[in-house]
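Report on the following structure.
Here the structure is a predicted model, which means the values were calculated and not measured. Protein chains get the first letters and strands the later ones, always in sequence-line order, with residue 1 at the start of each.
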Amino acid sequence: MKWLKLAIKNVLRNRRRALVTILITAVGVAAILIGGGFANFTYVSLKEMAARSSGHLIVAHKDYFDKEESVPMEFGLNDFSSLAKKLKSDEDIRYVIPKVEFTGLISNGEKSTIFMGSGVDPKYEFKVKGPFLTIDDGNILSKREKENNPQVMLGKKMAKYFNAKINDSLTLLSTTVDGSLNAIDVTVQGIFSTGIPELDKRSILVNINTAQSLLSTDKISNLALHLRETEATFSKYNKLTREYADLGWQTWLDTAFFYVGVKELYNRIFGLLGFIIIMMVFFSIYNTVNMSVVERTREIGTLRAIGTYSNEVTRNFVLEGLVISFIGASIGISIAALTSLGLSIAEIQMPPPPGRTSSYPLAVDIPVNLYLITAAIVTVVCIIASWLSSYKASNKSIVGALSHV
Amino acid sequence: MTNIIETKNISKQYEQGDLSVSALNDVNISLSNQAFAALLGPSGSGKSTLLNICGLIDKPTQGALYFCGENIADASDKELTTIRRNKLGFIFQGFNLVPVMSVYDNVEYPLILLGVGKKLRRERVTAMLETVGLLPFEKHLPDQVSGGQKQRVAIARALITQPRLVIADEPTANLDTQTATDIINLMYTMHKDFGTAFIIATHDERMSSHCNIEYQLHDGALQ
Ligand SMILES: Nc1ncnc2c1ncn2[C@@H]1O[C@H](COP(=O)(O)OP(=O)(O)O)[C@@H](O)[C@H]1O
Ligand SMILES: [Mg+2]
């Protein structure tokens, strides 16, 4: 306590210099936290989006993820309803949604194009997609559609390609499980966009029954498991893969290429920026303590002469560095926290990231960990900087220090 | 009874490039508990060099130094520091108080190094400030008191740990005549009251009246 008081007094000795260092530290800490918080917000959003579009866990036939089917649904799941029921009984699993993935040609009689279709259960599918699927026109698939009048939802760009309006009729053409061709007439129920142009050009959504009858099968491609907590994904994955070893399993991360790519890029950018900022803080503190050491050479000699150990002298300078970094970091943390709060109120929109079409809110979501890690790094950096700049002076000749002017 | 300090033929050379300056030559002194010693000699005669060696902040290039009967030639920096904080006190020509510490804090500092408890520290510092007549100034910073008062603070700081020996290097050189006399008298009183040995480098002839030993240095050699 008395050493801390002494350190504070010594820091206040040269207020302007201390203030500059405190400000550099504060701005540095704030920049790291805000940058990191922005990156984190992006990661969380992309993760949520990926998890919601694929399901946290996907379970399928053992070979589904590794091998190519020679005919459609070769690696489909047969009696899935008992499996679904069993999985559903797990407390942590909110939804178990069957899906049929299929491809084929879609045509309006005049022109046609390749589609990638998903047969989904309208009861759950749109619930889990939530804000990550935008309906541009029309409606989502009906929970109960009339027989003989199956519905389709088109990606925005595909709708544009056909110049399709709601209630227009289109034909889906695909290969059945036994290799023959089959066609089905569908009515446009809605137009959606995912935010990814490539998907909006090729994706269509139909009721799972429509997909099954097009392929003449009772099988499904896979079951998407939606958990209550995204964080539980990997522990659940470990548990279920052991329990159901005869099935194929994937997590949302296996298909979240965009998430992985953005995360790698941002980690690199923000990591480098963080490193540069930390170095700035380092040199700033080093310089401040060093100037202080030089100015107080005679005082160091005096304190050493009257019986202060050299490591006690060094420790006092380290304490001074810590006082500076503590004040700086506290201000920086406050700035970052206020910025994060302010942005959550202001709702500023960011331009769409590469490969996306929709903008998103600028938000800074700073995890508690980042506060702790940043504070720890700044503390360590400051200890090293002030130790390095005072160690030599504390150990040099006392007589020399005493005659220093 | 062993002497506090005993030097055996100590010499000190400073190397300056090719040049070797000899600051001390075969010096033998010994200081007992009762010593109130004056170290006289013109400027450059080696007084500071000898005091630094006696104060364990410098080492001789030749010869041996015995502190309380022990040869300290092989002592580490840490061991020497421990001896200094426990058994030595320093008074400098330029006062050398810590400017950010109050008068009280400056005097208290050596007791903190010794790990003396807060309550006992308060008692001892207050008593010491009383002795040197600075109790009303305890909250002042060094810059807010006069030169003579600063040197009183320094004397209080040197004696607060009840050291065996106080090293004073020209303690009155920066003071006017009257203040210098007061300081000399104060040191003498302290020597008498606390039984602390003093070795004082000085030009001041008035110091001689109190001294029981006088060393006269000339060009690094005792006369
Ligand atoms: N660090 C040093 N380097 C070189 N010469 C020194 C150094 N310190 C002192 N001297 C020389 O040693 C001699 C004695 O100096 P000093 O002990 O300071 O004398 P005094 O205190 O009696 O004035 C002088 O000639 C001085 O120039
Ligand atoms: Mg001198």
Non-hydrogen atoms of chain B under 4.5 Å away: do they reach the side chain of Leu12(A), the backbone, both or neither? neither
Within 6.0 angstrom of Glu130(B) CD, more than 12 heavy atoms from elsewhere: no
Would you say CZ of Phe234(A) has more than 12 non-hydrogen atoms from neighbouring residues, nucleotides or ligands within 6.0 angstrom? yes
Which atoms of Ile57(B) approach chain A - backbone, side chain, both or neither, heavy atom under 4.5 Å: both
Leu338(A) meets the side-chain contact (heavy atoms from CB on, under 4.5 Å) criterion, sequence neighbours left out, with none
Minimum-distance pair of heavy atoms, taken over all atoms of Phe92(B) and Ala305(A): CZ-CB, 4.1 Å
Scan chain B against chain A and return every donor-acceptor pair whose distance is under 3.5 Å.
{"unit_1": "Asp77(B)", "atom_1": "OD1", "unit_2": "Arg304(A)", "atom_2": "NH2", "d": "2.9"}
{"unit_1": "Asp77(B)", "atom_1": "OD2", "unit_2": "Arg304(A)", "atom_2": "NH2", "d": "2.9"}
{"unit_1": "Thr81(B)", "atom_1": "OG1", "unit_2": "Arg304(A)", "atom_2": "NH1", "d": "3.4"}
{"unit_1": "Thr82(B)", "atom_1": "OG1", "unit_2": "Tyr309(A)", "atom_2": "OH", "d": "2.6"}
{"unit_1": "Arg84(B)", "atom_1": "NE", "unit_2": "Arg304(A)", "atom_2": "O", "d": "3.3"}
{"unit_1": "Arg84(B)", "atom_1": "NE", "unit_2": "Ala305(A)", "atom_2": "O", "d": "3.0"}
{"unit_1": "Arg84(B)", "atom_1": "NH2", "unit_2": "Arg304(A)", "atom_2": "O", "d": "2.9"}
{"unit_1": "Arg85(B)", "atom_1": "NE", "unit_2": "Gly307(A)", "atom_2": "O", "d": "2.8"}
{"unit_1": "Arg85(B)", "atom_1": "NH2", "unit_2": "Gly307(A)", "atom_2": "O", "d": "3.1"}
{"unit_1": "Arg85(B)", "atom_1": "NH2", "unit_2": "Glu312(A)", "atom_2": "OE1", "d": "2.6"}
{"unit_1": "Arg85(B)", "atom_1": "NH2", "unit_2": "Glu312(A)", "atom_2": "OE2", "d": "3.3"}
{"unit_1": "Asn96(B)", "atom_1": "OD1", "unit_2": "Arg298(A)", "atom_2": "NH2", "d": "3.1"}
{"unit_1": "Asn96(B)", "atom_1": "ND2", "unit_2": "Thr302(A)", "atom_2": "OG1", "d": "3.0"}
{"unit_1": "Asp105(B)", "atom_1": "OD2", "unit_2": "Lys9(A)", "atom_2": "NZ", "d": "3.2"}
{"unit_1": "Tyr109(B)", "atom_1": "OH", "unit_2": "Thr308(A)", "atom_2": "OG1", "d": "2.7"}

Holding to side chain to side chain donor-acceptor pair (under 3.5 Å), I want the full list of residues that pass it with Asn9(B), two or more places apart in sequence or in another chain. Asn28(B)
Set of residues satisfying side chain to side chain donor-acceptor pair (under 3.5 Å) with respect to Glu6(B), sequence neighbours excluded: Asn3(B)
Which residue out of Leu80(B), Leu113(B), Ile167(B) racks up the most heavy-atom pairs below 4.5 Å with chain A? Leu113(B)
